[in-house]
Amino acid sequence: FASVKGATYSHILSRENIPVMGTVIFHPNQALLAAISGASYVAPYFSRMQKSGDNPLIQIESMMNMMRQYQFKAKVLAASLISFCKRFLS
């Protein structure tokens with residue numbers, strides 16, 4: 001969620017029981033904001049996190065731990081798995 005508008009619309013839609021996915025997530029704080037605003041899913045971008053020098057597995061694990069710790073219903077669905085798939089499928 002890159003804007004207040006995005007978080008606001010997520011909140012509005014989730015109150016109407018319309019599932020929302022927070023995409024282009026790079027950091028656990030962004031996943032937290034998406035969950036607080038009512039997103040049903042958060043999609044951290046694995047390859048982009050890796051390209052920026054972060055360890056995506058640690059970041060995604062942190063996001064999942066946050067969802068459990070604060071009892072959010074949002075599911076973490078990793079996206080942009082290009083580098084991960086190339087590594088294991090080649």
Side-chain angles (χ1 to χ4, degrees):
F1 284 46
S3 69
V4 173
K5 280 186 181 181
T8 301
Y9 290 128
S10 174
H11 180 71
I12 291 168
L13 292 170
S14 68
R15 289 184 65 187
E16 297 294 323
N17 293 317
I18 298 171
V20 175
M21 178 181 285
T23 62
V24 194
I25 303 290
F26 298 115
H27 192 274
N29 289 343
Q30 291 175 302
L32 181 62
L33 175 60
I36 289 170
S37 68
S40 302
Y41 308 94
V42 297
Y45 280 25
F46 188 96
S47 294
R48 290 196 185 173
M49 286 190 287
Q50 191 170 39
K51 286 178 186 175
S52 73
D54 289 328
N55 183 327
L57 295 176
I58 291 173
Q59 295 282 60
I60 292 170
E61 181 179 31
S62 176
M63 293 174 199
M64 293 172 65
N65 288 337
M66 252 191 316
M67 297 304 157
R68 279 192 291 269
Q69 179 180 350
Y70 296 110
Q71 299 179 355
F72 288 116
K73 294 181 180 181
K75 305 290 184 217
V76 179
L77 302 173
S80 182
L81 297 168
I82 296 165
S83 61
F84 184 78
C85 290
K86 284 182 181 178
R87 180 175 165 195
F88 290 101
L89 299 177
S90 50

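Small disclaimer: the values here were computed from a predicted structure and weren't measured.
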Inset, instruction - Identify the two heavy atoms, one from Ala39 and one from Ala74, that lie closest to each other, and give their separation to 0.1 Å. - result: O-CB, 3.3 Å
Inset, instruction - Apply the side-chain contact (heavy atoms from CB on, under 4.5 Å) test between Pro44 and each candidate in Asp54, Val76, Val24, Leu77; give the one that qualifies. - result: Val76
Legend entry - For the student: nearest non-hydrogen atoms of Met67 and Leu32, plus distance: CE-N, 4.5 Å
Inset, instruction - Working to the nearest 0.5 Å, report the span between CG of Leu57 and CZ of Phe46. - result: 4.5 Å
Legend entry - Gln71 (side chain) donor-acceptor with Arg68 (main chain) under 3.5 angstrom: no
Inset, instruction - Say whether, by atom type as modelled, one donor and one acceptor occur between the side chain of Ser10 and the main chain of Gly6 under 3.5 angstrom. - result: no
Inset, instruction - Considering non-hydrogen atoms only, spot the tightest contact between Phe72 and Met66 and give its length. - result: CD1-O, 4.3 Å
Inset, instruction - Any chance you could measure Met63, atom CE, to His27, atom NE2, to the nearest 0.5 Å? - result: 8.0 Å
Inset, instruction - Looking only at non-hydrogen atoms, find the nearest pair between Tyr45 and Thr23 and report the distance. - result: OH-CB, 4.0 Å
Inset, instruction - Find out if a path of hydrophobic residues (ILVMFWY) with successive side-chain heavy-atom gaps under 4.5 Å connects Ile12 to Val20. - result: no
Legend entry - Atom pair CG (Asn55) and CD1 (Ile60), whose distance is rounded to the nearest 0.5 Å: 9.0 Å
Inset, instruction - For residues Ser40 and Pro19, report the shortest heavy-atom separation together with the two atoms involved. - result: OG-CA, 3.5 Å
Inset, instruction - Could you pull out the closest heavy-atom pair between Gly38 and Ser14, with the gap in Å? - result: O-CB, 3.2 Å
Inset, instruction - Answer with yes or no whether the hydrophobic clustering places Ile36 together with Tyr9; edges join I, L, V, M, F, W, Y residues whose side-chain heavy atoms lie under 4.5 Å apart. - result: no
Legend entry - Euclidean distance, Arg15 CZ relative to Leu13 CG, rounded to 0.5 Å: 11.5 Å
Legend entry - Atom pair NZ/CE of Lys75 and Met21 - distance to nearest 0.5 Å: 12.5 Å
Inset, instruction - Answer yes or no: are there more than 12 heavy-atom neighbours, outside Phe26 itself, under 6.0 Å from its atom CZ? - result: yes
Inset, instruction - Kindly say whether Ser80 contributes a backbone atom to a donor-acceptor pair with the side chain of Ser47 at under 3.5 angstrom? - result: yes
